[in-house]
Amino acid sequence: MRYTFIDNTKGLCIFSVVLYHTLWYTGIHEETAISFIINTFYLTLFFIASGFVSKAMIKEDITLKEIFNKNLLSLLIPFFVIGSSFCAYADIQENGTITRNPLVELLTGNNMNSGFWFLRILLYFRLTVLLGKWLLERIGIRNTYAQLAIIFIIAQGLALQFDIFLYRSYLVYYMMGLLFAKADIIKHWGNQKNLTAAFFLIAAIAFVGVYVFGQSHFNLLRDLYRIPLNIFLFLFLYQNASDNSKRINRALTYLGQRSLDIYVLHFFFLADLIRIEGITPPSFHDTLLNAPILFQLWFCILLAILILLPTLAVSAFINKYKIFKIGLLGKFK
């Protein structure tokens, strides 16, 4: 089953990802209020949406083959095929030729900057859910909250075992999405606009509190406001997804349905920004940093759209041919 509000959520997130990466590649990601605002939700909300759709993995009537094709290969194939291709492409751009093994670079190099770490984390979470499903079927536990608690404990235990701190930090949001779906919380909370407004107010108060009283530990305490803010956004998108008369909703749905394609393909076009920045005089960079925030936002949105257009064109070409669709993106339907 496809949820429009999940597509809209992914659409908002993937556009924010491209926008944030545009800020990153133009060198102003840490120095603007725009990047700070985007950083409060663009990945965490993505994990909530991913957790929500992972409910399908723990249905009793789903087969292991269906899970493998739809939930695992759809991450493994683009991670290895497109990820290693990008590592080779980036190596050629930097050194004029391939100097490192792309596959080794993908698995052992600094994937944080290339972004393919997201697929690796999501794969880890899905494998954890699959392991939890297998264990729960043998134990015979059917209580929703007990099931989710066991899956969470398994995931945390494996993350601690392998010292994967980054995985643990996003696990909370992934499990939150799974809880919303598994316990039908979205149905109970989704139409309560007062509750949605309350989460926004809690997020605002928590942010002020953390900023004023916990600034020395700001990064450690930021989830105190990020969690209610992400819940607010998730509920808000749920409440407004049905209005297809709004262009913004149609645009978000369109992007959300192609979020994985955009995610793995836009890096090739982002890399061109490095060359543009290299020939741009330092005075332009300083002018951009000192420009009004609305101008910075307009400029980076324009760049993000210019990156999205060829990305979507390549995505459309790949999806037109089954061999490319399966071989590059792992889409079997």
Side-chain angles (χ1 to χ4, degrees), residues 10 13-14 17-18 20-22 24-25 29 42-43 46-47 50 67-128 130 158-159 162-167 170 174 255 257-278 304 307-333:
K10 289 182 176 180
C13 291
I14 196 60
V17 164
V18 176
Y20 187 80
H21 286 165
T22 301
W24 182 285
Y25 277 82
H29 63 288
Y42 80 119
L43 285 176
F46 227 140
F47 278 112
S50 298
I67 293 175
F68 186 73
N69 286 346
K70 185 176 181 180
N71 299 99
L72 302 182
L73 280 182
S74 61
L75 296 178
L76 282 169
I77 290 176
F79 176 75
F80 282 106
V81 176
I82 298 183
S84 57
S85 299
F86 177 76
C87 288
Y89 178 74
D91 196 10
I92 291 171
Q93 275 204 323
E94 183 181 349
N95 301 303
T97 185
I98 297 178
T99 61
R100 302 180 293 269
N101 186 313
L103 189 58
V104 173
E105 182 69 14
L106 177 69
L107 295 173
T108 62
N110 183 9
N111 296 310
M112 181 63 72
N113 288 338
S114 69
F116 290 97
W117 63 271
F118 178 86
L119 299 183
R120 195 163 55 183
I121 291 180
L122 193 53
L123 177 65
Y124 164 74
F125 288 163
R126 288 182 178 178
L127 286 172
T128 302
L130 188 59
L158 291 174
F162 296 105
D163 192 27
I164 313 172
F165 177 76
L166 183 63
Y167 287 24
Y170 288 120
Y174 183 84
L255 293 176
Q257 291 172 349
R258 296 157 180 80
S259 58
L260 178 62
D261 304 22
I262 295 171
Y263 195 89
V264 297
L265 294 172
H266 83 284
F267 293 108
F268 292 89
F269 302 100
L270 267 174
D272 292 329
L273 288 181
I274 297 177
R275 291 203 298 267
I276 294 173
E277 186 186 7
I307 290 168
L308 276 172
L309 291 176
T311 301
L312 289 169
V314 173
S315 170
F317 176 80
I318 290 174
N319 283 283
K320 187 177 180 180
Y321 300 97
K322 189 175 181 179
I323 187 171
F324 294 147
K325 188 177 176 182
I326 295 175
L328 295 177
L329 298 174
K331 294 182 180 180
F332 289 84
K333 286 187 178 181

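Keep in mind that the numbers below use all heavy atoms, side chains included, and drop hydrogens, waters and symmetry copies. Computed from a predicted structure; not experimentally measured.
Taking the six-membered ring where the residue is Trp, the centroids of Phe116 and Tyr263 are separated by 6.0 Å or more. For Phe47 and Phe125, the gap between ring centers is short of 6.0 Å.
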Evaluate the side-chain contact (heavy atoms from CB on, under 4.5 Å) criterion for residues Leu123 and Leu72: first the C-alpha distance (whole Å), next the side-chain angles of each, then the deciding distance (0.1 Å), finally the verdict.
CA-CA 7 Å; Leu123 177 65; Leu72 302 182; 3.8 Å; yes
Assess the residue pair Arg258 and Leu312 against the criterion (side-chain contact (heavy atoms from CB on, under 4.5 Å)); give the C-alpha distance rounded to whole Å, side-chain angles, the decisive distance to 0.1 Å, and a yes or no.
CA-CA 8 Å; Arg258 296 157 180 80; Leu312 289 169; 4.0 Å; yes
Do Phe46 and Phe118 pass the ring pair (Phe, Tyr, Trp, His ring centres under 6.0 Å) test, and can you show the C-alpha distance, the side-chain angles, and the key distance before you say yes or no?
CA-CA 10 Å; Phe46 227 140; Phe118 178 86; 5.3 Å; yes
Audit row: Phe267, Tyr89, side-chain contact (heavy atoms from CB on, under 4.5 Å) steps and yes/no:
CA-CA 10 Å; Phe267 293 108; Tyr89 178 74; over 6 Å; no
Checking Leu265 against Ile318 for the side-chain contact (heavy atoms from CB on, under 4.5 Å) test, could you report, in this order, the C-alpha distance in whole Å, the side-chain angles of both residues, the deciding distance, and whether it holds?
CA-CA 11 Å; Leu265 294 172; Ile318 290 174; 4.1 Å; yes
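In this structure, OH in Tyr170 is found 7.0 Å from CD1 in Ile121, a value given to the nearest 0.5 Å. Rounded to the nearest 0.5 Å, atoms CZ (Phe317) and NZ (Lys325) are 14.0 Å apart. The CD atom of Gln257 lies 10.0 Å from the NZ atom of Lys10; values are rounded to the nearest 0.5 Å. Taken from CZ in Phe268 to CD1 in Ile307, the straight-line distance is 13.5 Å, to the nearest 0.5 Å. Annotation: the span from Leu76 atom CG to Leu119 atom CG amounts to 9.5 Å, rounded to 0.5 Å.
Heavy-atom minimum distance, Pro102 versus Cys87: O-CB, 3.8 Å. Between Val18 and Thr22, the closest heavy-atom pair is O-OG1, 2.7 Å. Summarising the geometry of Leu106 relative to Phe80, their closest heavy-atom pair is CD2-CA, 3.9 Å, with the distance given to 0.1 Å. Scanning all heavy atoms of the two residues, the minimum distance from Ile77 to Gly327 falls at CG2-O, 3.3 Å. When every heavy atom of Pro310 is checked against every heavy atom of Phe269, the shortest pair comes out as CB-CE2, 3.6 Å.
Looking only at side-chain heavy atoms (C-beta outward), Arg126 and Ser74 come within less than 4.5 Å of each other. Proximity of Val81 to Leu329: side-chain heavy atoms (C-beta onward) are nowhere separated by under 4.5 Å. At a threshold of 4.5 Å between non-hydrogen side-chain atoms, the residues Asn319 and Lys331 count as touching. You'll find the side chain of Leu73 stays beyond 4.5 Å of the side chain of Leu75, heavy atoms only.
Side chain of Asp261 to main chain of Ser315: no donor-acceptor pair is present (N/O by atom type, distance under 3.5 Å, no hydrogens or angles). Asn101 places a side-chain N or O within donor-acceptor distance of the main-chain N or O of Leu103, the cut-off being under 3.5 Å.
Within a 6.0 Å sphere centred on CG of Leu309, heavy atoms belonging to other residues, nucleotides or ligands number more than 12.
His21 and Tyr42 have perpendicular rings, their planes meeting at more than 60° on a 0 to 90° scale where under 30° would count as parallel.
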